[in-house]
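When a ligand or atom number is given, it counts from 1 through the structure's own listing order.
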Amino acid sequence: MSWWETAVGYEVYLRSFADGDGDGVGDFAGLTGKLGYIASIGVDAVWVTPFYPSPQADFGYDVADYRDVDPVYGSLDDFDAFVGEAHRLGLKVVLDIVPNHSSSEHPFFKAALRGGPGSTYWDRYVWRDPAPGGGPPNNWLSIFGGPAWTYVPEHGKYYMHLFLPAQPDFNWASPKVREEFVDILRFWAARGADGFRVDVAHSLLEHPDYPDNPLSDELRPGAAPRHFGHLEHLYDLDQPGVPEIFREWRRAVGPDVYLVGEVYLGEPEKVRKYVTGGALHQSFFFGLNALEWDPPELGRRIRRAVEVVPAGWGWVQGSHDEHRAVTRYGGGPKGVQRSLALWTAMMGLPGTPFLYQGEELGLENGAVAAGNVLDPVGLRQPSEGRDPCRTPMPWTISGETHGFSDGAAPWLLSRRRPDHETVEFQEAAADSPLKSMRALLAARRETASGRVGPVRRLDAPEGVVAYARDGVAHLANLTDEPVEVEVEVEVEAAGAWVLAYATNGGRPADGAVRLADGAVRLGERSGVILRKAS
Ligand code: GLC
């Protein structure tokens with residue numbers, strides 16, 4: 001079995017995790033100092049967001065040099081120290097690779113701009129003539145707003161950018177681009193990376209003719225498309241040649257390097273070709289992220305995903321791109337209970353769960369005042385801004401920055417957190433989301449040997465996720481009412497069920513879970529892991 005098949009990952013948004021040098025920005029020195037904390041949660045791998053030299057127009061997802069560390073995060077030596085310490089603690093390291101686009105400050109793009117059409121680096125990017133009557137070559141839009149094309153008058157051409165104008169798309173039809181990325185992957189694998197998270201993995205190629213995208217049903221008849229959702233993305237996303245690129249990568253870096261993609265395509269059927277046939281190992285499952293709290297629908301989507309590609313998913317509740325799960329799930333103790341119950345459901349599925357930093361604390365969105373917004377998305381479309389999930393980790397109860405930085409103000413200013421959201425408080429409390437998450441991951445580890453078999457669904461009311469795998473059962477009551485679930489004894493080998501883990505749910509501790517003759521009573525918003533007595 002490969003390590004990622006039994007691992008739990010932890011996403012670190014480097015800028016906001018821990019500041020080691022007092023400049024207000026998280027960095028490798030800070031992260032390395034907190035690896036003991038990460039290991040103590042019980043996770044097995046750390047995914048660290050982009051740290052490469054970058055103008056930070058999209059906070060590092062605009063890379064100017066793929067083989068170095070931005071001075072704000074440290075140096076290559078600091079990177080090596082981080083990897084060394086992670087490995088010493090038994091943690092795998094997953095880096096974030098950004099292949100769809102570079103920064104406009106990347107030397108290739110600067111050389112293309114300087115040299116113009118036909119010059120050496122021109123073809124590394126996507127250039128088109130204006131439309132016959134002038135204007136952009138087609139109706140494509142940027143995910144961050146505005147057209148997907150920027151005009152360069154000097155050369156009379158447009159270049160394409162799925163994101164900001166400062167993030168020109170690479171031309172993946174060019175063999176040179178393909179060679180370049182294989183080399184970049186080898187560079188970091190040789191420095192100790194155990195895997196890569198592939199940014200917008202489904203978007204590397206475009207249709208070679210660059211036709212207009214059809215208008216979507218979201219658009220009012222007669223209106224002009226202004227928003228990414230106003231188009232059907234037939235020609236700019238999910239083109240047939242993309243999975244082959246990842247097959248090439250797998251051949252180049254060998255079977256031990258894990259590849260997990262951000263394949264943001266909605267339907268599991270569309271994602272399948274990216275995570276089968278020797279392409280990526282997994283994609284994150286985003287099917288839950290756009291949802292508010294809808295227990296029956298959550299259950300259906302999880303089931304569907306597992307049916308379509310059983311082991312193809314990185315299970316997530318959020319990331320540095322989404323509003324925090326606890327907030328989306330209603331906030332307060334209720335939001336925390338819902339999130340933990342859902343984690344209990346996710347922790348026994350085939351695939352790899354990934355926590356986003358702070359989810360183990362049940363963190364809600366950080367509060368960023370309108371005048372302090374920095375995210376390029378938030379500046380363009382305030383309701384979709386990503387700053388609230390990117391505010392610094394609250395380590396200590398006291399201190400201006402909750403121990404994130406002991407020097408300057410943090411790069412992203414936000415309101416103070418309540419005491420109970422800090423690591424310090426939760427470590428000291430008898431019962432806290434952090435302690436529940438540790439117990440959940442310990443129970444998962446203890447029952448891990450039973451997780452090779454297929455998932456067998458157990459009968460349960462709507463809104464309850466219930467399944468068994470090789471003598472381990474996961475039951476999660478996502479609803480706001482207590483429920484009873486019969487665990488079918490005849491399907492499992494005879495013998496008593498033993499409670500390996502229970503979230504305390506929304507009820508007083510005494511009545512949260514009762515177990516008798518295979519019938520389990522679950523409090524509202526609670527989950528359990530059961531295993532067969534040996
Ligand atoms: C991905 C990243 C996001 C970034 C975008 C452009 O969606 O997760 O943070 O802005 O790609 O690289």
Side-chain angles (χ1 to χ4, degrees), residues 9-17 26 47-66 70 73 94-106 109 125-126 140-146 148 150 160-170 172 181 184 196-204 206 228-229 233 236-238 242 259-266 271 274 280 282-287 289-290 314 316-324 354-357 373-381 384-391 411-412:
Y10 185 88
E11 179 190 355
V12 166
Y13 190 68
L14 187 61
R15 287 184 81 75
S16 292
F17 195 64
W47 148 29
V48 54
T49 51
F51 50 79
Y52 319 102
S54 159
Q56 309 289 340
D58 188 17
F59 296 110
Y61 285 94
D62 50 323
V63 180
D65 178 354
Y66 285 84
D70 193 296
Y73 302 124
V94 176
L95 303 187
D96 204 323
I97 191 87
V98 189
N100 179 69
H101 47 267
S102 69
S103 159
S104 51
E105 292 300 306
H106 191 285
F109 192 71
Y125 295 89
V126 178
W140 294 3
L141 295 171
S142 152
I143 293 180
F144 287 174
T150 290
M160 192 204 140
H161 48 87
L162 197 56
F163 296 93
L164 299 174
Q167 294 169 294
D169 269 49
F170 277 117
W172 275 88
F181 272 89
I184 292 164
F196 297 93
R197 177 259 187 193
V198 186
D199 193 58
V200 284
H202 54 296
S203 66
L204 303 191
E206 297 83 44
F228 201 66
H233 295 281
D236 52 348
L237 304 179
D238 192 26
V242 180
L259 299 178
V260 56
E262 183 197 24
V263 185
Y264 216 119
L265 288 172
V271 181
Y274 292 85
L280 301 170
Q282 292 171 340
S283 161
F284 296 111
F285 182 61
F286 294 111
N289 290 34
V316 290
Q317 291 190 7
S319 74
H320 66 287
D321 289 331
E322 318 275 347
H323 286 267
R324 283 192 172 273
F354 273 85
L355 304 180
Y356 174 51
Q357 70 184 39
V373 168
L374 294 176
D375 173 30
V377 176
L379 291 169
R380 287 166 181 74
Q381 302 157 22
E384 290 171 29
R386 301 170 295 178
D387 289 326
C389 63
R390 296 176 173 183
T391 59
W411 69 279
L412 179 59

N/O donor-acceptor pair under 3.5 Å between [X] side chain and [Y] backbone:
| X | Y | result |
| --- | --- | --- |
| Asp70 | Ser54 | yes |
| Trp172 | Val242 | no |
| His101 | Ala166 | no |

At what distance is the nearest protein heavy atom to [atom], and which residue and atom is it?
| atom | value |
| --- | --- |
| atom 5 (C) of ligand 1 | Phe163 CE2, 3.7 Å |
| atom 4 (C) of ligand 1 | Asp58 OD2, 3.3 Å |
| atom 9 (O) of ligand 1 | Asp321 OD1, 2.7 Å |
| atom 1 (C) of ligand 1 | Asp199 OD1, 2.7 Å |
| atom 7 (O) of ligand 1 | Glu262 OE2, 2.7 Å |

Can you list the atoms of ligand 1 that are under 4.0 Å from a heavy atom of [X]?
| X | value |
| --- | --- |
| His101 | 6 (C), 12 (O) |
| Arg386 | 3 (C), 4 (C), 9 (O), 10 (O) |
| Phe144 | 10 (O) |
| His320 | 2 (C), 3 (C), 8 (O), 9 (O) |

For Tyr61 together with His320, are the ring centres under 6.0 Å from each other?
yes
Contact check, Arg390 vs ligand 1, heavy-atom distance below 4.0 Å
yes
Are any of the heavy atoms in Arg197 under 4.0 Å away from ligand 1?
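Checking ligand 1 against Arg197, which is what was asked, there is a heavy-atom contact under 4.0 Å.
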Can you name the closest pair of heavy atoms from Asp199 and Glu262 and give their distance?
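Closest approach of Asp199 to Glu262: OD1-OE1, 3.4 Å.
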Can you name the residues that form a ring pair (Phe, Tyr, Trp, His ring centres under 6.0 Å) with His233, not counting sequence neighbours?
Phe228
Does Asp238 have any salt bridge (Lys or Arg N to Asp or Glu O under 4.0 Å) partners at least two apart in sequence or in another chain, and if so, which?
Lys273
